[in-house]
Structures are given as structure tokens and as C-alpha cells.
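On a predicted model such as this, the values are computed, not experimentally measured, just so you know. Both ligands and their constituent atoms are indexed starting at 1 by order of listing.
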Amino acid sequence: MVTTHNLGFPRIGARRELKFALEAYWKGQSSREELEALGGELRGWHWAAQAKLDRTPVGDFSFYDQVLDMSFALGNIPPRAAGYEGDVLDNYFRVARGRSAPGTGEGISAGEMTKWFDTNYHYIVPELTAESAFTLNPSRLLGQLREAQSQGVRSPKPVILGPVTYLRIAKTSDGSDALALLPRLLPVYRELVEALAAQGADWIQIDEPALVTELSTEWQAAYRTAYSALNTGKAKLLLATYFGRLLENLPLACELPVHGLHLDAIRAREEAAEASVLLPADRILSLGVIDGRNIWRTDLNAALDWLEPLAHSLADRLWIAPSCSLLHVPVDLDSEDKLDAEVKPWLAFATQKLEELRILATALNQGRAAVEGELRANREAVETRRLSARLNHPGVKQALTGITPGMGARKSPFTDRAAKQAALLQLPAYPTTTIGSFPQTAEIRQARSQFKHGTCDEAAYRSAMQAEIARSIRAQESLGLDVLVHGEAERNDMVEYFGEQLEGFVFSEYGWVQSYGSRCVKPPILFGDIRRPKAMTVEWIRYAQSLTNKPVKGMLTGPVTILNWSFVRDDQPRSVTCRQLALAIRQEVLDLEAAGVPIIQIDEAALREGLPLRRSQWKEYLDWAVESFRIAANGVRDETQIHTHMCYSEFNDILASIAAMDADVITIETSRSNMELLEAFKTFAYPNGIGPGVYDIHSPNIPTERQMVELMRNAAKRIPAERLWVNPDCGLKTRQWEEVIPALANMVSAAKALRAGT
Ligand code: GLN
Ligand code: ZN
């Protein structure tokens, strides 16, 4: 008999109940009891949704973040939060957000947040020093385990983050080696395993996704040390790996003294058979056969074709599950009443994925005939998708084959283009600009939402947007900025805006996925070939340009960012989808140019986050990502200036690719790092224009003229002044006009001071 289980369930709630409960509690609008009660209710619902599984995850529910939960369970609380006299959960929120519910103590600086492997989920980075000590606090986990037991949840399986991955994703603030803490950490993990076992857990899932990354021999050895120490004989450990292939770590993972190993059989299908041979005969092999990272319905018949032989040879030793925690997909497709009727049957959210798992297990245990109807329905849905006329457009396929290397290349080298652009644009030294968006006021949001819900007509909507564009053009003119933007009032989100106008996308209503804490994103669903029926931005930019003699910069989202922030089709390589997006953006770029727009910015905010987990695979990704950008951007004439924008500060390892994009100007985030980042651009001898951000838009602080002059002087030590631009770190949509106006006024004065050399 195969066993079914799950690695984790989304905790935000089908209607984002957790988000609203957390935010109400943080604002002091609801009590601690109400928050706890909602948490209990959600856990109850989630366990009910998983009732068909043989083993059920517990402890995967989190009020903020599973990594921060682990830090608290290990007693690894940052020193600045350690002396807190109040309640543990409030202290937990203080570390997560820098403050707590009102009236529960002083704020502190929040823990750093970063991406969880290659997902869009952000965790709170564990903080360590050589002095860090650990003490067990298992109460949260034991509480959830007890709760599950009392509700009769089937074989509750506590989920914890493993010690090696915990250290691997932590940061030490004193430059010490996190791995040196392993001997101090392991006794606490051991105690935790024993405490859970004593409370009745027979299996414990211990997540070690770091096993899919490249590990030095020290880190590999740490796995051996750790799992020998955790082999307590009290509870069985299921070592869970996911997000990729184990490759050279596969033999290591198979030899560790645990009771079972979970593999991501979506991304590492080819390793399943190998692992079934390598694993000692008393071990469980758990295969993640349902995609936990995407929203497509599984082809169950195809899955059975490759699973059946393994089920036959492994017999009771085979477990099946989603590939990873379902945290990364929305909760329930049944919530979607308005989703495109043709596309909806092609999809499966968390709840549907568990039903798929049940069907697979039944087919494996009792034969396919036992679920004949389900398998037939599945085959039909899969076939309908495959044959849908909306999936494949001969025209798009043909356009792809028509891509030539020349399409991605500018006509002349940068220096020649720069001279022509300078003659045309007549910009001063240290030209000033912004990154695109201006504050999104309540009125703008209301106008957009009314238009979307049909309570305001197109004419009224258009005039509301035009009024907003006019307001931001006036503001920029009186500030004295050199290159203006229209302000992006019409955009709710930089990807969704384009997805809504391109063919090949659909949108869900409740398809929220947790990004961090109470924040969720609703990624568009890219299901088919991408076509651009008509221009998407030209009207707004043209209107903005009609109001001013200063150059207005057209504003687009790049193909790689649209790809990386969407759920994308799984029936063709991502690189192909990206090229289709590139062709659509290229048409928009050419239309903007034809409309007389002299400068076009193509944002690639998510280029870096698409990097594969393994460095050995970076080049392949970067090659097609850069090629896509080049196709999108570089069809313009020399006089048209292309900008790109990337809001992060880690460039050292990808600079060659950034340079290969060949944008005339790149604007980046630098204000907080005091221009240190530019050292990398200098060392690399980055050849084109750069706008290092001088205004940290994540902070309500208003930078002074002097601070910004200082930052730019620092920049000019590394980059020739004639190639420097002056701009904020990122778009201003989350700020208030009252902050933006004085900050930009200081920025313009700073540029003037720099020009005057004062
Ligand atoms: N043009 C976008 C804006 O200004 C860029 C946003 C981003 O980089 N995240 O809002
Ligand atoms: Zn940005």
C-alpha cells in the first residue's frame, strides 16, 4: 500500500482570513484571543481539507513565518528582542515586523527578510554570532500536535526545519562561520525530536531543502554529523528535500540514518528510480508527484505510467505527496466563480492537488479501475487543455522561429548612440529622473476599482487617470526634473497591468499566495501563447508628453519579470514563454518609439530572482533571460534611449549579463549601501549609463540635499560623471506626496549642486 501525505498546507486562508486577522490585531482592533481563535479555526479547516491523507502535517501553520518559528523554538532570539518582558507571540511579531500590537512595548528593528530558495516567499533570516546559544521552546509545536490529536487528525506528522538548512540560510553578524554552531545546535534539535516523540509523534518531517544546492565537503559532512545525532530511535524522521535535483548530494541523502527520504519528483523525477535503488531496504521513499509550485492539473494517467513500476518494486515503502509544501499555491479553485470557464478545468489549487493525490493512491493501491471515472475526467481535462485553440497560435510560433540574432542588437555601439541621444535630448550633466510610479492615492485606487467593477464608465475613468497624469507632470515640472514619467496611476501592479492586456493570461479572484507575513500576491496565470492585440501604454505616455516640453519616459515591464512573477505554463520551456513575452514587449517598444517617445524604460525587477538554485545552471538562465530583454528592447533606432531598472543591490555575480543587456541607462538600488555596489560596476568597467538610487523609497525619511550630493560624489569616484544619472532607488507608489515632493526637491537641488561643482 502506498501512503499519502502532505508537506505543508497554505496557512493564509482561502479568503486571506489570517491576513485580515493579523492586521486587525496589529492595529489594536482585535484581541489576542480573537487572533488565537482564528488560528485554531484555520488549522481545523486545513486539517479537514487534508482528511483524505494518511498522514497530516502539523506545525506547518504559522502566524508569520516558519523559519522565525524555528528560531523561536530553538531559543535563537536576536539580542535586541531577548530581554522582552511581554508575551512570546508579541515578541515574535516584534522580530518579524519591528513592532508589535499597540501598547505591547517599544519597537525594535525588524529581522532581515529574504527569499526562500527560488520561491517568492520571504522568510526572516536567523541571526547568529559565534556566541549564539540555543534553548528549546517546543510549546508551539507541541500545542499544535496536541490540538491535532484531540481533533482526531489522522497520523499527525510534525514539520520542522532541519538543522543544516537552518544554519545554511542564517546570517552571522560577526563574520563567524554558522556551521561552527552545529555542535551547539544539535542537542536542542535532539531534545525537540524527543519531546515530539514523547507527545506521540511517530514520524517527524524534517525539511532540508539545502540538499538541492551545491554543498562544500564541510556542509556535506554536517549532514552526516547532524543526522547521526538525531537518530534517537524515538521517532522516525522523514528527511524532506524539494525545489530541485539532489545530483551529487543524492548518494549522501540516501545514506543518512533517517527513516525516509522525500524527493521533489516534479523537478527531480529522474532521481526517483535511482533513489529507490540507493536507499537501504528498510527506508521509505516519498515522492513529490504533484507540482507544489504551479497551478496546473496533474496528468494523472501519465503520472501513473511512471509511478506504477516504482510502486510495484517499493510496495509499502512508497509514500506520495505534493513536491513541496503547498504554501506556494492558492488554497481552493472552488472559490473561483469568475475564472475563465475554459481554463478553470485545467487548474488545481492546494485543495484540488490533495484530491489528485488521493486518486493516484487509490489507483496504485487498488488498480486504475477503482478510479476509472476520475481518471477519465482527468484525461479529458488534460486533453482539452492540450488541444485548446487558445493555447497555440500559429502566428506566435512563426514569430518565434523568425527571431534572428540581429533583432536583439542595437544598430550602433553605446558611445555612438549616446552622442546621438545627447544631441537630441539636450540633458544637463547629472540628469534627474524617477523610476516610474508616483504615489497611489485613495482616489486613484477607487477610480481603478470602480472601472474594474463597472461602476464608472470608460470616459470617466480615462479622465480620472488623465487628471492624475496631469498632476504628476505639473509636479515634476515645478520640481525641475529633467526626464519625466507619467506616474503609472493606471497600474495596480507592474505585471498584472500587462497580463490583463496580453492574450494568453487569465486571472483568479482569490488565487493569493503568501509573500511574507500578512502580505500576499496574486500571480497572473500565463496559460497560452502570448499576443498583444493592441498597444498597452502608448495612449497614457502620449498624453503625458502632450503636457510638457521635457522628455517623457515610456514605462514597461520586461519579459523576464512578467515571467518570474506569474504562474507560467508547464507545457513548454520557460525560455520559450519568455521569448514570446519579449516579442510582445518589443511591439510595444516600437509603438512607443513611433509615437515619438524618446526614452523607454523596461523594468526587470525580477531578473535576479529567476536565477536557478545551483550556480552551474545560472549561465543557461541568464543567456535566455538576457536574450529576451535584448529582443524586447533593442529594436529601436540609435536616438531612442533605453533604460532598465532593477531594484536590488546584488550585482557582483551577474554583471556580465547586465552589461550584455546593453541598456543605455540602468537605474539600481544603492542608497542604503552607500554606493558600495558601484565598486562592482567599476571593477567590471560597466560601459553604459548608471542611475544609482540616492533616495531610499522604503523609508519615510526625506533625504537631504547634502546626503544625496555625498552619495553622488561617492558614485562619481567610481563611475565617470558624464555617465551618471540622479534618481530614487525605486518607484514611489507606496509613498505619500508629502514625502515625495520635498525628497525630490532635495534631489534636484543635489543635481544642481553637483553640476555647479559646489
Ligand atoms: N516602474 C516601476 C515603479 O516605479 C518599477 C517598480 C519596481 O521596480 N519594483 O513602480
Ligand atoms: Zn524597483
Taking Ser699 for the side chain and Asp696 for the main chain, is one N or O donor matched with an acceptor at less than 3.5 Å?
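Checking the backbone N and O of Asp696 against the side chain of Ser699, no donor-acceptor pair under 3.5 Å is found.
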Between Asp729 (side chain) and Ser671 (backbone), is there a donor-acceptor pair under 3.5 Å?
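Yes, Asp729 side chain to Ser671 backbone: donor-acceptor pair under 3.5 Å.
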Identified side-chain hydrogen bond (donor to acceptor under 3.5 Å, both in side chains) counterpart of Asp664 within the set Arg410, His643, Arg723
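With Asp664 as partner, side-chain hydrogen bond (donor to acceptor under 3.5 Å, both in side chains) holds for just one option, Arg410.
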Salt bridge (charged side-chain N to carboxylate O under 4.0 Å, His left out) partners of Asp65, counting only residues at least two apart
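Testing Asp65 for salt bridge (charged side-chain N to carboxylate O under 4.0 Å, His left out), a comparison that skips the adjacent residues, returns none.
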In chain order, what residues pass the salt bridge (charged side-chain N to carboxylate O under 4.0 Å, His left out) check against Arg755, with sequence neighbours excluded?
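Counting only residues at least two positions away or on another chain, Arg755 forms a salt bridge (charged side-chain N to carboxylate O under 4.0 Å, His left out) with Asp482.
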Tell me the residues surrounding ligand 1, counting only those with a heavy atom closer than 4.0 angstrom, sorted by chain and number.
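Residues Ile435, Gly436, Ser437, Glu488, Met494, Met555, Asp603, Ala605, His645, Cys647, Cys730, Gly731 each place a heavy atom under 4.0 Å from ligand 1, listed by chain and number.
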Could you give the distance from CZ (Arg586) to CG (Leu581), rounded to the nearest 0.5 Å?
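One finds 15.0 Å between CZ of Arg586 and CG of Leu581.
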Using 0.5 Å steps for rounding, measure from the NZ atom of Lys733 to the CD1 atom of Ile444.
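Going from the NZ atom of Lys733 to the CD1 atom of Ile444 covers 11.0 Å.
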Count, excluding waters, the protein N, O or S atoms that are closer to the Zn ion (ligand 2) than 2.8 Å.
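Under the 2.8 Å cut-off, the count stands at 3.
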Which atom names give the shortest non-hydrogen contact between Glu739 and Tyr695, and what distance separates them?
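For Glu739 and Tyr695, the tightest heavy-atom pair comes out as O-OH, 4.1 Å.
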Arg16 charged N/C atom sitting above Tyr510 aromatic ring, 6.0 Å / 45°:
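No.
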